[in-house]
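Just below is one structure, and these are the notes that go with it.
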Amino acid sequence: MELVKIRFGTSLFYYIYIVLFIGAFVGLYFLLRKKSERVKYWTLFGILALNFALHFIKLAFPQYTGFPAVIRKCSFENICAVSTLIFPFIYLSKSKAGKDYMFYLGTVSGIAGCVAPMPVVSMDLNFYEPETLRYYICHAGIWIVPLLMVVLGLHKLDYRRIWKSFVIYFVVLGVIIINELILIRIGWVGTSSLEEFFDANERDMGYAIGLPDGMEGIAKYVLWLTPKCWKDPYVPILWEFFPMVILGGIVALLMSMYWEHEHFKTDMIALWKKTKVVCGVIKVKTVNFASKVKSHFKNTDEPLTEDQPRKDDGEENADEE
């Protein structure tokens, strides 16, 4: 039976699922690329709607027991759960910033969820179990739909809006924490102390409250951007600020470049020209100012000529009178 378990990096079926959903992405692209905008739009929405439904249907699976605490599993529990619940509504909206968030955060988190299926591994699931398939379908949908949405031209990126995606991201982290607090308040999630609530090993909150034990070794390449006062102990949400804005900003910019390289190039050329103009103006003003200063000191230090009366001579004449 161990042969059919999902094992991170060492299981044949671990790779089969990854290849399967990469194939699903490629297949959907070729299937939809010549279809009408309407067909493209509603096909992708159908995938998001399926994910939304599966997020609640999973409560019928044997892995999810213990009402009402199990309700937490279909709430805003973590980043991917939030994405599953809000992506259908963002997709139907006209929010460009929201769809940018779908592309940047959805693609990264969805692919990360498929490459590192920790819940499936921790539950020791077989590849053929309904929960395994549901997990992969939901996480694959989180990245397949936003990526196809851009590739098929249903949404146009603008790298200037990247900062808005990070604003939405930090709001989402706040929603995850508030969701947990509400569930604790109504008694659906138990916690014995404030310390337990802020223990990243006790709850999956999208790392909003910090990293669990064992993750810091993997995350050391980003943690150096977090001020020590924000990570010892972790300050909820703030500990992610600089790693997300700096490294996340670079990743998002690179992700957008395939579609935005001409826009970026035009902006950089315009910025360079403006910089040259500003530098030119500063140079002229600096030269003029230096010239005036030099002229001032030159006039001050200029020696007296014979025609210029000396103060001492005037004083001597006055004494003689």
Side-chain angles (χ1 to χ4, degrees), residues 76 78-83 86-87 90-91 93-116 139 142-151 153-177 200 205-211 215-232 234-275 278:
F76 297 112
N78 52 45
I79 296 293
C80 291
V82 174
S83 296
I86 69 174
F87 276 12
I90 294 177
Y91 184 82
S93 75
K94 295 182 179 180
S95 173
K96 293 180 179 179
K99 290 176 181 177
D100 285 348
Y101 173 83
M102 287 179 65
F103 175 77
Y104 296 121
L105 276 300
T107 300
V108 171
S109 62
I111 290 176
C114 290
V115 172
H139 285 78
I142 289 172
W143 69 266
I144 287 176
V145 171
L147 193 53
L148 282 176
M149 178 180 69
V150 173
V151 171
L154 295 175
H155 174 62
K156 180 174 174 54
L157 296 172
D158 186 341
Y159 79 93
R160 294 181 179 181
R161 292 194 301 260
I162 287 175
W163 67 272
K164 294 183 180 180
S165 294
F166 294 120
V167 171
I168 296 173
Y169 173 76
F170 288 114
V171 169
V172 166
L173 292 183
V175 168
I176 291 170
I177 292 177
M205 294 171 63
Y207 308 129
I209 58 174
L211 292 171
M215 281 290 292
E216 291 191 354
I218 300 173
K220 63 182 179 181
Y221 301 106
V222 300
L223 280 177
W224 63 273
L225 288 169
T226 302
K228 187 176 181 179
C229 61
W230 287 358
K231 63 182 177 183
D232 191 20
Y234 286 109
V235 177
I237 299 178
L238 281 181
W239 79 268
E240 290 192 42
F241 184 79
F242 289 110
M244 178 56 68
V245 171
I246 297 173
L247 296 181
I250 293 171
V251 171
L253 185 63
L254 292 175
M255 288 173 66
S256 70
M257 279 300 100
Y258 179 83
W259 296 275
E260 281 286 272
H261 63 278
E262 288 297 335
H263 186 194
F264 183 77
K265 180 181 177 181
T266 301
D267 281 354
M268 290 302 101
I269 291 172
L271 178 62
W272 174 248
K273 289 179 179 178
K274 288 181 180 179
T275 302
V278 171

key: Interatomic spacing from OG in Ser83 to CE in Met102 - rounded to 0.5 Å   = 8.5 Å
query = Between Val245 and Phe170, does a side chain to side chain contact (heavy atoms under 4.5 Å, CB included) hold up when you go through it step by step?
reply = CA-CA 10 Å; Val245 171; Phe170 288 114; 4.3 Å; yes
request  = Calculate, to the nearest 0.5 Å, the distance between atoms CD1 and CD1 belonging to Ile144 and Ile111 respectively.
outcome  = 9.5 Å
key: Under 3.5 Å: donor-acceptor pair, side chain of Trp143, backbone of Gly113   = no
message = How long is the straight-line distance from CZ of Phe242 back to CG of Leu238, given to the nearest 0.5 Å?
response = 9.0 Å
message = Please find the pair of heavy atoms, one from Ile90 and one from Lys99, that lie closest to each other, and give the distance.
response = O-CE, 3.5 Å
query = CZ/Arg161 to OH/Tyr104 distance, rounded to the nearest 0.5 angstrom?
reply = 7.5 Å
ask   = Please walk me through it: do Tyr91 and Leu154 pass side chain to side chain contact (heavy atoms under 4.5 Å, CB included)?
value = CA-CA 10 Å; Tyr91 184 82; Leu154 295 175; 3.7 Å; yes
task = Any chance you could lay out the side chain to side chain contact (heavy atoms under 4.5 Å, CB included) test for Val172 and Phe76, step after step, and finish with the verdict?
result = CA-CA 9 Å; Val172 166; Phe76 297 112; over 6 Å; no
ask   = When rounded to the nearest 0.5 angstrom, what distance separates NZ in Lys156 from CG in Asp100?
value = 11.0 Å
Nearest-0.5 Å distance that lies between atom CZ in Phe166 and atom CD in Glu240 = 11.5 Å
ask   = Do you know which two heavy atoms are closest between Leu173 and Ala208, and how far apart they sit?
value = CD2-CB, 4.0 Å
key: Leu223 backbone acceptor or donor facing Lys231 side chain under 3.5 Å   = yes
Non-hydrogen atoms of Met268 and Tyr159 that approach each other most closely = CE-OH, 4.4 Å
note = When every non-hydrogen atom of Ser109 is compared with those of Cys80, the smallest separation belongs to O-SG, 3.9 Å
task = Decide side chain to side chain contact (heavy atoms under 4.5 Å, CB included) for Tyr234 and Ile209; before the verdict, give the C-alpha distance in whole Å, the side-chain angles of both, and the deciding distance to 0.1 Å.
result = CA-CA 7 Å; Tyr234 286 109; Ile209 58 174; over 6 Å; no
